[in-house]
Amino acid sequence: MWDVANIFEYVAAWFTAIRLSLDNKEVPRTSAFRKSFVRYLIWEAERFVFPFINICTTSNTCPALPDILSDIVNMLTGWQMALSDDDELFKKFATHNFNTSNNLMARYRAPANLDYHWWNNRFDLIPFAMPSRISLDEVMELRSCHDHEVGAGQLLLPDMHRHDTGPNPVLNNLRAVCNQMQDLGNALEDWLAHKMADGEEALEVMARLEALVDDLHDAIAAAQQLLDTDGN
């Protein structure tokens, strides 16, 4: 499940790049443009999102989708169920506020340049063939290339584990919660260790300051004694 979680992070960055491309694209949004865009958008989801949601479902685990990916899955599901047509799906995707209060490029690690970017081409005028299937190895290779391009930003993500799975979904989720609580406990232990080390250092500095203050008091007392002696 660690691989799936990382793939979801990668796909969220991918969809973010697609979404941001609409803001920068000065192309007439004709009916042909909207229909072609939706066709490629659905293709992305059917190759990079839905298969891995199915894996989570069949293994009785609950996929943790990034916010932007969860929003997109809801949109695409509505389209699949005929609750919206191509134009409505395009409008929802193009106008949806994907948490723009933060920097999307940083939040979802969307790279500025991608080798594979149909959305930056005139796909409505020059359609190109899309593979009908993509293997897990190919997806993982794409994700690895993405992480390499993004660089140090990926280090900001927390480490993820593979959770043991079985036929009982309740036990699967309990295992995941247990692992997460263990991670939280380890993180708190590290935090407390750092705070204790900082506290010990602060105590040492205070002790040195107290010694200096005591020396100052002794010097003042000695000086006052000399003044008193001279006055007499």
Pairs satisfying side-chain hydrogen bond (donor to acceptor under 3.5 Å, both in side chains), at least one member in residues 78-88, at least two apart: R34-D87, W79-D86
Whichever hydrophobic residues join M81 through chains of side-chain contacts under 4.5 Å: L83
Rounded distance [0.5 Å steps], CG in D218 versus CD in Q225: 11.5 Å
For R29, side-chain contact (heavy atoms from CB on, under 4.5 Å) partners two or more places apart: L22, F33, F90, A94
side-chain contact (heavy atoms from CB on, under 4.5 Å) partners of A32, counting only residues at least two apart: T30
Contact check, side chains of E44 and V49, non-hydrogen atoms, under 4.5 Å: no
Set of residues satisfying ring pair (Phe, Tyr, Trp, His ring centres under 6.0 Å) with respect to Y40, sequence neighbours excluded: W118, F123, F128
Pairwise distance CG(L226) to CD(Q224) - rounded to 0.5 angstrom: 9.5 Å
Euclidean distance, L89 CG relative to T77 OG1, rounded to 0.5 Å: 10.5 Å
Set of residues satisfying side-chain hydrogen bond (donor to acceptor under 3.5 Å, both in side chains) with respect to N54, sequence neighbours excluded: none
CD1 on I68 to OG1 on T16, rounded to 0.5 Å: 3.0 Å
With sequence neighbours excluded, residues passing side-chain hydrogen bond (donor to acceptor under 3.5 Å, both in side chains) with Q182: N186
Set of residues satisfying side-chain hydrogen bond (donor to acceptor under 3.5 Å, both in side chains) with respect to D23, sequence neighbours excluded: R19
Beyond-backbone contact of I72 with L76, side-chain heavy atoms, under 4.5 angstrom: yes
Test salt bridge (Lys or Arg N to Asp or Glu O under 4.0 Å) applied to D215 - qualifying residues, sequence neighbours left out: none
side-chain contact (heavy atoms from CB on, under 4.5 Å) against N74, all qualifying residues, sequence neighbours excluded: S70
Within the 6.0 Å centroid threshold, strictly below: F48 and F15: no
Residue pairs fulfilling salt bridge (charged side-chain N to carboxylate O under 4.0 Å, His left out) with at least one residue in residues 186-195, sequence neighbours excluded: none
Contact check, side chains of V38 and F93, non-hydrogen atoms, under 4.5 Å: no
Contacts of E46 that satisfy side-chain hydrogen bond (donor to acceptor under 3.5 Å, both in side chains) - sequence neighbours left out: none
Any W43 side-chain heavy atom under 4.5 Å of R39 side chain: no
